[in-house]
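In what follows, chains are A, B, ... by sequence order, proteins preceding strands, each numbered from 1.
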2 protein chains.
Amino acid sequence: MTTIADTPGLRSSDRRPLPSGSALAAFFARGREQLVDEHDEALWTSLHRLTEGGKKFRPALLLHLHDALGGRDHRAAAAVADAVELLHTAFVVHDDVIDGDLVRRGRPNVSGTFAARARAEGCGPERARRYGETAGILAGDLALAGAVREIALCGAGPEVVARLLDLLEDVLHRSAAGELADVRVSLTEGASLADALDIAEWKTAAYSFELPMQAAAILAGAPEDVAAALGAVGRCLGVGFQLQDDLDGVFCTAEESGKDPLCDLREGKATALVVLARSTRRWEELARYVGDSDLTEDGARRARELLVACGARRAVEMLVRDLRDAAVAATGPLPPQVREAVLETIDLLLPSGARAARGAA
Amino acid sequence: MTTIADTPGLRSSDRRPLPSGSALAAFFARGREQLVDEHDEALWTSLHRLTEGGKKFRPALLLHLHDALGGRDHRAAAAVADAVELLHTAFVVHDDVIDGDLVRRGRPNVSGTFAARARAEGCGPERARRYGETAGILAGDLALAGAVREIALCGAGPEVVARLLDLLEDVLHRSAAGELADVRVSLTEGASLADALDIAEWKTAAYSFELPMQAAAILAGAPEDVAAALGAVGRCLGVGFQLQDDLDGVFCTAEESGKDPLCDLREGKATALVVLARSTRRWEELARYVGDSDLTEDGARRARELLVACGARRAVEMLVRDLRDAAVAATGPLPPQVREAVLETIDLLLPSGARAARGAA
């Protein structure tokens, strides 16, 4: 799972608290008012906990662009920003169910919390797992429905709301297709680079970049071509971000990336990095390490050497640079101050090369 | 899972086709326009197939009451009716994932379809199961988000839409709590009759009865007390319906109930019938049969004898009668022609006793 939430804030110079959060707070307050029993309470508490902390990258991106676009309906923008965060939470919770993960950011997630509750009642591991997954599916459902609701009730005019809901529907469709493809390619070793790029676009770029960026344009009443350009930027930036995240997950230390540097290798997901390595002669040796759930630090070091030696790391770095260039190029049709804001975002998320491109612009 | 969809239509005398369905058709048409690959297509096809057939009880109930309440915005009512059907589909799909079921109404469901696709590609059973569950979670997500969207865009005024979305949120909350409780009580044998009744109310009555009945009132602009009365009727009727369904699942033939008469006994769910039997001396023998996934026809016959002998059947029949009486009593505050329509519904869903009560009214 992408760790966009752990990336630096979008406006390092801006010390104002994020003006979103009140729709999210109201969602959980209503949830708490309607509790029917202690298990229901635990469900809402574990869901709520997932929305706390993190850098709230997606709502920040939406609000940043909404301001840059001269948007005036700050209340509606804040509500939609919260909806995007709630959608992210829904995806995180359902992803964890799909991946069988019980922990997120070092703490039990919804499934982990409920599996532990079942174990404490004396249930065996299989039944506890099933109860945990049930809670995860249900909590994700509540967050997903909440996200659609917050957009519907954001307070913007009916035409804006309808366009936002159309955008959301399109994004949900691709997110589902991306998640399905992600699980499918893990079933066999048949994933191509095109598969890996499609998955990055559908599963990450669509809801984490296109959605907040295009929603900002719709909320600000920007012309169609501005919204379309922001969508194109979001697609390139999102895929580039995901590929960089794949690199960081393997080559960065825990301090640098904020996650266990063995985790991605152990999981062995069919990232662009892994897919490219598979087509090389080094794969024969690499295959021992990638996807080995008992991978040691020594094994990981060797895997990194091989990923460098086979050229996969370099190839992905070049892809990231190309995608960053494409994102910068896609800012062309944007009005100057919007373009400036978008380039700033590209700089923050995909540093160096973006800076160079911007210097040249 | 409740088989309300297989109950008789609400208006046997009415041969007009149900005036809903176009929002549902448009939802799937948009989905088809956005397909990204063949797997995505299979996902939408398997989801669509689930909404075909069946008696569409919930939308019929909504439209029937909307008419009786003098509602005029038939397009909005039809869209919300479709949303309720889509919500039902979402719950069915996620329920099947939670229960590990791969078949519904004799055909592979979403999870079954995708597990079979993975098997055909040479995957082992565990990976195929995981892929099937992934597809089920994602398809349910699409249907759930679609349901909220259809209500948001039903075309009614903003205040009506906001009230409908509040109702939906409340219903979703209780449905999730009910599903969680249903799985939890199956982990141990500690369920009480109160648990079984709560689960029937939260998991079945809320979305299958309260939601369509109260939505009809909101759409028709009925006064608060009418909406509240319909909610109360829906709760009683829904719980009564679920309890009757529990009885039918054990004591009716396949022809009468439309489902395998061994299925409920094999599954061994903590229904009111089972919970009551557990507190009797007969449970020692009954426990051999209830929840035995290899239960034979002879075993089922003995289980039925014991469920009668221990008094559980009689007790549940009395509960159903009490709930039916309570539903009839709750119609008190309704205007005459609305009351007539509601009593007709009670008659159809919980026959005899309701008829008697109505005769006396």
S.K.: Measuring from atom CG of B:D166 to atom CZ of A:R30, what distance do you get when rounded to the nearest 0.5 angstrom?
M.R.: 7.0 Å
S.K.: So for atom CZ, which belongs to B:R75, do other residues, nucleotides or ligands contribute more than 12 heavy atoms lying within a distance under 6.0 Å?
M.R.: no
S.K.: How close do B:Q34 and A:E169 get, heavy atom to heavy atom, and via which atoms?
M.R.: OE1-O, 4.2 Å
S.K.: Less than 4.5 Å to any heavy atom of chain B: does that hold for the side chain of A:S175, its backbone, both, or neither?
M.R.: neither
S.K.: Which label fits B:H94 and A:H94: parallel for a plane angle under 30°, tilted from 30 to 60°, or perpendicular past 60°?
M.R.: perpendicular
S.K.: If you count heavy-atom pairs under 4.5 Å between each of A:G100, A:S186, A:G140, A:A128 and chain B, which one has the most?
M.R.: A:S186
S.K.: With only heavy atoms counted, which part of A:L168 is less than 4.5 Å from chain B, the side chain, the backbone, both or neither?
M.R.: neither
S.K.: Measure B:I151 against the heavy atoms of chain A and call it side chain, backbone, both or neither at under 4.5 Å.
M.R.: neither
S.K.: So which of A:A177, A:A176, A:A181, A:G190 has the biggest tally of heavy-atom pairs under 4.5 Å with chain B?
M.R.: A:A176
S.K.: Would you indicate whether the side-chain heavy atoms of A:F114 and B:R184 approach each other to under 4.5 Å?
M.R.: no
S.K.: Looking at every heavy atom in both B:V36 and A:R174, which two are closest together, and how far apart are they?
M.R.: CG1-CG, 4.0 Å
S.K.: Once rounded to the nearest 0.5 Å, what's the spacing between atom CG of B:D141 and atom CG of A:L144?
M.R.: 5.0 Å
S.K.: When rounded to the nearest 0.5 angstrom, what distance separates OG1 in B:T134 from CG in A:D99?
M.R.: 8.0 Å
S.K.: Under a 4.5 Å heavy-atom cut-off, does chain B meet the side chain of A:L165, its backbone, both or neither?
M.R.: both
S.K.: Below 4.5 Å from any heavy atom of chain A, which atoms of B:L187 appear? Answer side chain, backbone, both or neither.
M.R.: both
S.K.: Please classify the contact between B:R117 and chain A as side chain, backbone, both or neither, with a heavy-atom cut-off of under 4.5 Å.
M.R.: neither
S.K.: Any side-chain heavy-atom pair from A:I137 and B:I137 closer than 4.5 angstrom?
M.R.: yes
S.K.: Using only atom types and a distance under 3.5 Å, with no angle test, would you say the side chain of B:R130 pairs donor to acceptor with the backbone of A:I98?
M.R.: yes
S.K.: Hey, what do you get for CG (A:L43) to CD (B:E179), rounding to the nearest 0.5 Å?
M.R.: 11.5 Å
S.K.: What distance separates B:R32 CZ from A:H173 NE2, expressed to the nearest 0.5 Å?
M.R.: 11.0 Å
S.K.: Is B:D40 close to A:L180 at the side-chain level, that is, under 4.5 Å between some pair of heavy atoms?
M.R.: no
